[in-house]
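Below: one structure, written as structure tokens.
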Amino acid sequence: MIVLAMAAAHSSNRMLKDAIFEANQACMDAMAVHGADAVTNATIGVVLDEEGKLAVLPTMEKVYRSLAMSELAAYAPIVGLPDYLNSVIDLTFADNKPEAHFSAIATAGGTGAIHHAIANYAERGEAVLTSDWFWGNYNVICVETGKRLETFTLFDEGQNFNIADFKNKVDELLKKQDSLLIILNTPAHNPTGFALSESDWDAVLDIVKPYTTSKGKRISILVDIAYIDFAGEKNETRKFMRKFSNLPENLFVMISFSMSKSYTLYGQRTGALVAVSSSKAVVDEFNQVGKYSNRAIWSNVNRGAQALLVKLQQDKTTYAAFEHERQELYNLVQSRANIFVNEAKQCGLNFLPYKGGFFIAVPAKDPAAICNKLHDELVFAVPLKLGIRVAACSVSLDKMKGIAAKMKAAFDKCNKA
Ligand SMILES: Cc1ncc(COP(=O)(O)O)c(C=O)c1O
């Protein structure tokens, strides 16, 4: 039989390799043999409570269940409900609105926001720049939209933000192309938990700004803040956004907002892309191209989740109760991460600078070999290209104890072998 390839030439070689799914499957298999209590699943990327159930913030759930059926069933406007877009802008910046023009477009999760930024702010065939530790979906979206992902080395030898390599890569790419989209996932970067400091941000802006005086150059920065509400105090973690005041017109900032982690509403697929520019014309164009992309891809976005955010945010008492619950969930994730971090320091396990968020990363030459060794201890983590991802969001406090030492032992065994 002749096997026909029916997919169009540009699509037919595409195959999603999902390291997280594979690691989770290995864990499920081990649970079937040894029982769930004996197994540690550090592969899951959502917050689980101490009993291993999905953590859903009660005030969010109460407001969601109070929505009228018509609010859940009706279409939303293509760009999103106007009140939703206003709420998104307020929540994105809190007290740190830069002096600029703003706009927002509803999207299907943060993923949809990242998609729109890549689709509309990078030229076909050209490079998009992000760090070498990155969320794999950036690459998938680049391939899907005919762009190419290139990386700079995130950390220098002292495990600080590698400003020199960031500059090298920006310089190199802007020699070859007139426009550049840079994606920075901060704070609470996936998978390391790293965040750019105020001075790192100054350095980033100092590196790109000189290009804005060159004729024809256009630079866009997408800040992926998917985990920001698990990174620390609301205004502290957003302080860097003030630096986006009065930027040159050809330096455009976008921020991807997501309801997945911040509102424990992962599956409702609702987020937004927020635009920040000193130019009203740039923001008007953003509205136009975003509306077009929305219409083409999903027509419009989940209305119920948008209505939920509006109802939640517009009632001060309700929102305060919600924020209190989220703070407790953040504290829980942080306590789990602290166990790993402290134990890793004690046993001499090298890990990347964790400042907050769902994950901690341990660099490794052969991440799969270490993860396989860890399976002997019934601990399951995700082997990535540059290291191992440990989920602080989903491992209970009790099960987190001892993982670092087991990982160190796995490294030692693999090094000896
Ligand atoms: C770094 C990063 N950005 C964005 C997202 C987008 O999430 P969602 O599309 O669920 O909002 C994720 C989800 O895992 C992520 O890890």
Side-chain angles (χ1 to χ4, degrees), residues 16 18-21 23-24 42-48 54-57 60 80 84 88 91-92 104-119 128-142 144 149 151 154 181-196 221-231 237 254-274 293-294 297-298 301-302 305-306 308-309 326 333 352 354-361 382 384-387 389-394:
L16 204 55
D18 193 342
I20 300 168
F21 178 80
N24 190 44
T43 70
I44 300 174
V46 297
V47 184
L48 300 184
L54 184 71
V56 177
L57 293 170
M60 185 284 292
Y84 170 74
V88 162
L91 292 165
T92 295
I105 298 269
T107 57
T111 305
I114 296 160
H115 173 274
H116 281 10
I118 293 175
V128 171
L129 182 64
T130 195
S131 56
D132 56 351
W133 288 88
F134 65 91
W135 185 44
N137 213 11
Y138 296 161
N139 188 48
V140 176
I141 297 170
C142 281
E144 173 79 4
L149 193 66
T151 59
L154 181 55
L181 172 67
I182 300 166
I183 306 178
L184 296 172
N185 174 205
T186 181
H189 172 261
N190 173 9
T192 66
F194 181 67
L196 267 69
I221 300 179
L222 171 66
V223 194
D224 180 357
I225 59 164
Y227 298 90
I228 196 164
D229 292 309
F230 288 83
T237 54
M254 288 168 282
I255 301 176
S256 50
F257 170 93
S258 168
M259 287 184 69
S260 296
K261 334 309 167 176
S262 293
Y263 295 84
T264 61
L265 207 59
Y266 313 86
Q268 292 297 308
R269 312 304 309 128
T270 307
L273 186 60
V274 177
S293 291
N294 265 7
I297 297 175
W298 41 68
V301 171
N302 184 329
Q306 294 181 56
L308 158 77
L309 192 80
R326 187 170 61 190
V333 174
L352 294 172
Y354 173 85
K355 299 187 186 180
F358 281 24
F359 309 109
I360 306 163
V382 180
L384 302 171
K385 208 161 141 200
L386 300 178
R389 189 184 88 170
V390 178
C393 52
S394 54

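Just follow the structure's listing: the first ligand is 1, and inside any ligand the first atom is 1. In this chain, numbering begins with 1 at the start of the sequence shown.
Of all atoms in ligand 1, numbered sequentially from 1 with element shown, those under 4.0 Å from a heavy atom of D224 are 1 (C), 2 (C), 3 (N), 4 (C). Contact atoms of ligand 1 toward S258: 8 (P), 11 (O) (distance under 4.0 Å to a heavy atom of the residue). With ligand atoms numbered from 1 in the order given, ligand 1 contributes 8 (P), 9 (O), 10 (O) to contacts under 4.0 Å with heavy atoms of R269. Residue-ligand proximity, G110 to ligand 1, at heavy-atom distances under 4.0 Å covers atoms 8 (P), 9 (O), 11 (O). For ligand 1, the atoms sitting less than 4.0 Å from at least one non-hydrogen atom of G109 are 9 (O), 11 (O), numbered in the order shown with element in parentheses.
In this structure, CG on L184 lies 9.0 Å from NE2 on H189, to the nearest 0.5 angstrom.
With a 4.0 Å heavy-atom cut-off, ligand 1 is reached by the side chain of N185 but not by its N, CA, C or O.
Between Y138 and W135, the two ring planes are perpendicular [angle over 60°; tilted spans 30° to 60°]. Ring-plane geometry between F257 and Y263 is classed as tilted, the angle between the planes lying from 30 to 60 degrees on a 0 to 90 degree scale.
Protein heavy atom nearest atom 9 (O) of ligand 1, with residue, atom name and distance: T111 OG1, 2.5 Å.
Heavy-atom separations between Y227 and ligand 1 include at least one value shorter than 4.0 Å. Proximity of I114 to ligand 1 is established by a heavy-atom distance of less than 4.0 Å.
S394 contributes a side-chain N or O that, together with a main-chain N or O of I44, makes up a donor-acceptor pair within less than 3.5 Å. Judged by distance alone, the side chain of D224 and the main-chain N or O of I114 form no donor-acceptor pair under 3.5 Å.
Between Y138 and ligand 1, no N or O atom pair is found at a separation short of 3.5 Å. Considering both main-chain and side-chain atoms, A226 never comes within under 3.5 Å of ligand 1 through any nitrogen or oxygen pair. At under 3.5 Å, a nitrogen or oxygen of S260, whether backbone or side chain, sits near a nitrogen or oxygen of ligand 1.
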Using the side chain to side chain contact (heavy atoms under 4.5 Å, CB included) rule, take I183 and I118 through it: C-alpha gap first, then chi angles, then the decisive distance, then the call.
CA-CA 9 Å; I183 306 178; I118 293 175; 3.9 Å; yes

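Contacts of F194 classified as ring pair (Phe, Tyr, Trp, His ring centres under 6.0 Å), with partners at least two apart in sequence or in another chain: F155. D229 meets the salt bridge (Lys or Arg N to Asp or Glu O under 4.0 Å) test with R238, R326; sequence neighbours excluded.
With distances taken over non-hydrogen atoms, the option nearest atom 7 (O) of ligand 1 out of H115, Q268, K261 is K261.
Here the rule is side chain to side chain contact (heavy atoms under 4.5 Å, CB included) with M254, and of L181, V223, V274 only L181 fits it.
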